[in-house]
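None of these values were measured; they are calculated from a predicted model. This chain uses plain numbering: 1 for the first residue, then up along the sequence.
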Amino acid sequence: MTKSLDHAELNAAIEDVHRAGVPGVFAEVRDGDQIWRGAAGVADLATGRPVTADMRHRVGSITKTFTAAAVLQQVENGQIELDAPIGRYLPRLVPGERGAAITVRMLLNHTSGLAEYLPHAYPSLKAFPALQDTRPQSLDDHRFTRFDRGELIELGLAAPAFGAPGGTPGLYSNTNYLLLCELLEQVTGTKAEECITRDVIERAGLRDTELPDGPHVAGPHSRIYESWFGMIDPPRDYSVFDMSWVGPAASLISTVADLNRFFGLLFAGEIVGLPMLEQMRRTTSVISQEGEVIDYGLGLHPTKSPGQETFWGHGGSAWGAGAISMTRADGKRQMSVAVNLQRWNRLDAAGKPQPHPIDDALAALHRAAMYGSTGSR
């Protein structure tokens, strides 16, 4: 039996995230036909304009689920084979032994062994993942840079490989998803952005979701603030930013309501069929951008607390903007949360991010949203 959402608990939890140091946080939680929406804090530090739950927001790598769904639709249509080598489709881009060894599935689940291109495109991040040796200067230098997707892919291909194709743990890499965009264009004859918009965003009836073609966020939105592990102090506004550095790997703009709608339809088998959804939920071990080993499927990853049911979805981060959207395996309980501050943790002498009150407050909000205070869902 579906329990009522505890609005008081959720209101208190979201206020705690703001008090812990996030300028603005907003969320939507669904349990069957019951919906709670909440917001706390400000969308603009300069003016004090309040954040609201209906704001459009950069949702980072949640984009990958949309891109994966578009690719898997083409698998269903017979245009792509999931376990075919990428060299069959993109022989010039990924030639030779590497093109023969890396499959479409390996790109989707980040086991291709390909490196992340970003530290090579952003010079001040060259030392990544050695955070203490990075600097945020490239974020300002490339605020309006229009990157070419092919050139970014070439940077990822030219960088030393993380490992052999198909090896585990894999490495979470935007190079994989930019290659999937090239694959989509090859088999559909349309731009990846147009394909994802038509076959996923419009199919799901999402009215406030788009892949941007410029540096601005249209409609009501929050300013977003990047700290880069305390090296930008005070955190700087990056709400105007050309997202071609990630494109359809992580550039999506959406709302918490649209995200819940999308994942609800996805897990109901209305974006891809249920057999393909099962493929999406087949996980392998992947090293995340935070350096943690996680389970990752085809554009999805699970989260589970001891004694609780599994939730599936994706998290995302852009410069200054963070989001997470998780849906219970039965599709009935959903949570989407957005924040307008990123990388708030400062580094210790060894370069490791230190705990921050925001971490605990966000974790508490996520628990309240997914399981409720009793945890007996």
Side-chain angles (χ1 to χ4, degrees), residues 61-114 117 149-150 152-154 156-157 164-168 170-204 211 246-252 262-263 265-267 269-284 286 296-301 312 314:
S61 282
I62 295 175
T63 314
K64 290 181 172 63
T65 312
F66 287 70
T67 301
V71 171
L72 294 173
Q73 287 174 348
Q74 296 304 317
V75 175
E76 290 178 319
N77 293 340
Q79 299 300 306
I80 296 172
E81 289 186 27
L82 192 52
D83 292 303
I86 191 60
R88 176 190 299 179
Y89 305 101
L90 303 172
R92 294 183 180 178
L93 203 52
V94 196
E97 293 183 5
R98 179 181 264 179
I102 295 172
T103 66
V104 175
R105 186 190 299 272
M106 292 175 196
L107 297 175
L108 286 161
N109 68 12
H110 296 293
T111 59
S112 70
L114 295 176
Y117 62 78
R149 184 192 303 156
L152 293 173
I153 291 171
E154 288 177 5
L157 292 171
T168 56
L171 178 72
Y172 189 96
S173 170
N174 284 301
T175 307
N176 294 318
Y177 272 72
L178 291 195
L179 276 167
L180 290 169
C181 293
E182 293 293 317
L183 173 62
L184 274 177
E185 295 192 358
Q186 178 67 29
V187 301
T188 66
T190 60
K191 290 184 177 180
E193 291 86 349
E194 294 174 3
C195 179
I196 296 164
T197 298
R198 179 190 66 230
D199 295 343
V200 181
I201 295 171
E202 292 179 355
R203 181 170 178 169
L211 290 163
V246 280
S251 66
L252 196 73
F262 165 70
F263 281 102
L265 291 170
L266 178 67
F267 295 132
E270 296 185 34
I271 306 298
V272 298
L274 293 176
M276 195 58 66
L277 183 61
E278 287 307 305
Q279 293 286 335
M280 294 183 79
R281 286 173 164 159
R282 289 176 56 181
T283 64
T284 188
V286 169
Y296 197 92
L298 307 185
L300 286 175
H301 64 81
W312 290 86
H314 215 292

J.: Work out which heavy atom in Thr283 is nearest to a heavy atom in Gly297; give both atom names and the distance.
T.: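 So the minimum-distance heavy-atom pair works out to CG2-N, 3.9 Å.
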J.: Could you measure the distance from the CD atom of Glu76 to the CG atom of Leu82? Nearest 0.5 Å is fine.
T.: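 Those atoms lie 10.5 Å apart.
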J.: Using the rule given for side chain to side chain contact (heavy atoms under 4.5 Å, CB included), can you reason through Met280 versus Val272, listing the C-alpha separation, both sets of side-chain angles and the distance that settles it, and then say yes or no?
T.: CA-CA 10 Å; Met280 294 183 79; Val272 298; 4.0 Å; yes
J.: Answer yes or no: is there a donor N or O on one side and an acceptor on the other, between the side chain of Gln74 and the main chain of Val187, under 3.5 Å?
T.: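 Side chain of Gln74 to backbone of Val187, a donor-acceptor pair under 3.5 Å: no, none is there.
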J.: Using only heavy-atom distances, determine whether the side chains of Ser61 and Tyr177 contain a donor-acceptor pair under 3.5 Å.
T.: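 No.
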J.: How many angstroms lie between atom NZ of Lys191 and atom CD1 of Ile196, to the nearest 0.5 angstrom?
T.: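 So the gap between those two atoms works out to 13.0 Å.
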J.: Can you tell me which residue among Leu108, Leu298, Asn174 is in a side-chain contact (heavy atoms from CB on, under 4.5 Å) with Lys64?
T.: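 Result for side-chain contact (heavy atoms from CB on, under 4.5 Å) with Lys64: Asn174.
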J.: Whether the Asn109 and Thr284 side chains hold a donor-acceptor pair (N or O, under 3.5 Å, no angle test) is what I'd like checked.
T.: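 Asn109 vs Thr284: no donor-acceptor pair found between side chains.
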J.: Would Val246 and Tyr117 count as a side chain to side chain contact (heavy atoms under 4.5 Å, CB included) if you check the C-alpha gap in whole Å, the side-chain angles of each, and the deciding distance to 0.1 Å?
T.: CA-CA 10 Å; Val246 280; Tyr117 62 78; 3.7 Å; yes
J.: For the CZ atom of Arg282 and the OH atom of Tyr296, what is their distance to the nearest 0.5 Å?
T.: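 If we round to the nearest 0.5 Å, Arg282:CZ and Tyr296:OH are 16.0 Å apart.
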J.: Quick one: does any side-chain atom of Glu185 pair with a main-chain N or O of Ala192 as donor and acceptor, under 3.5 Å?
T.: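 Judged by distance alone, yes, a pair lies under 3.5 Å.
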J.: Does Thr63 reach the main-chain N or O of Pro248 with its side chain, forming a donor-acceptor pair under 3.5 Å?
T.: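 Absent.
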J.: For the side chain of Arg281 and the backbone of Trp312, is there at least one donor-acceptor N/O pair under 3.5 Å apart?
T.: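 No; judged by distance alone, with no hydrogens or angles, the pair does not exist.
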J.: Give, for atom NE2 of His314 and atom OG1 of Thr65, the distance between the pair rounded to the nearest 0.5 Å.
T.: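 The OG1 atom of Thr65 is 5.0 Å from NE2 of His314, to the nearest 0.5 Å.
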J.: Can you tell me how far CG of Leu277 sits from CG of Leu72, rounded to the nearest 0.5 angstrom?
T.: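 Reported value, rounded in 0.5 Å steps: 9.5 Å.
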J.: Do Tyr89 and Leu179 have side chains that get closer than 4.5 Å, going by heavy atoms?
T.: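 No; the side chains remain at least 4.5 Å from each other.
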J.: Do any N or O atoms from the side chain of Gln73 and from the backbone of Asp199 form a donor-acceptor pair under 3.5 angstrom?
T.: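 Yes, because the side chain of Gln73 sits within donor-acceptor range (under 3.5 Å) of the backbone of Asp199.
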J.: Could you tell me the separation between the CG atom of Asn176 and the OG1 atom of Thr111, rounded to the nearest 0.5 Å?
T.: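 Asn176 CG to Thr111 OG1: 8.0 Å, rounded to 0.5 Å.
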J.: Please say which of Leu178, Thr175, Ile102 ends up in a side-chain contact (heavy atoms from CB on, under 4.5 Å) with Leu107.
T.: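 Considering Leu178, Thr175, Ile102, a side-chain contact (heavy atoms from CB on, under 4.5 Å) with Leu107 is found only for Ile102.
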J.: Taking C-beta and beyond as the side chain, do Leu114 and Arg98 meet within less than 4.5 Å on heavy atoms?
T.: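 Touching, per the 4.5 Å side-chain cut-off.
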J.: Tell me, yes or no, whether the heavy-atom count around Arg88 atom CZ, taken from other residues, nucleotides or ligands under 6.0 Å, exceeds 12.
T.: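 Enclosed.
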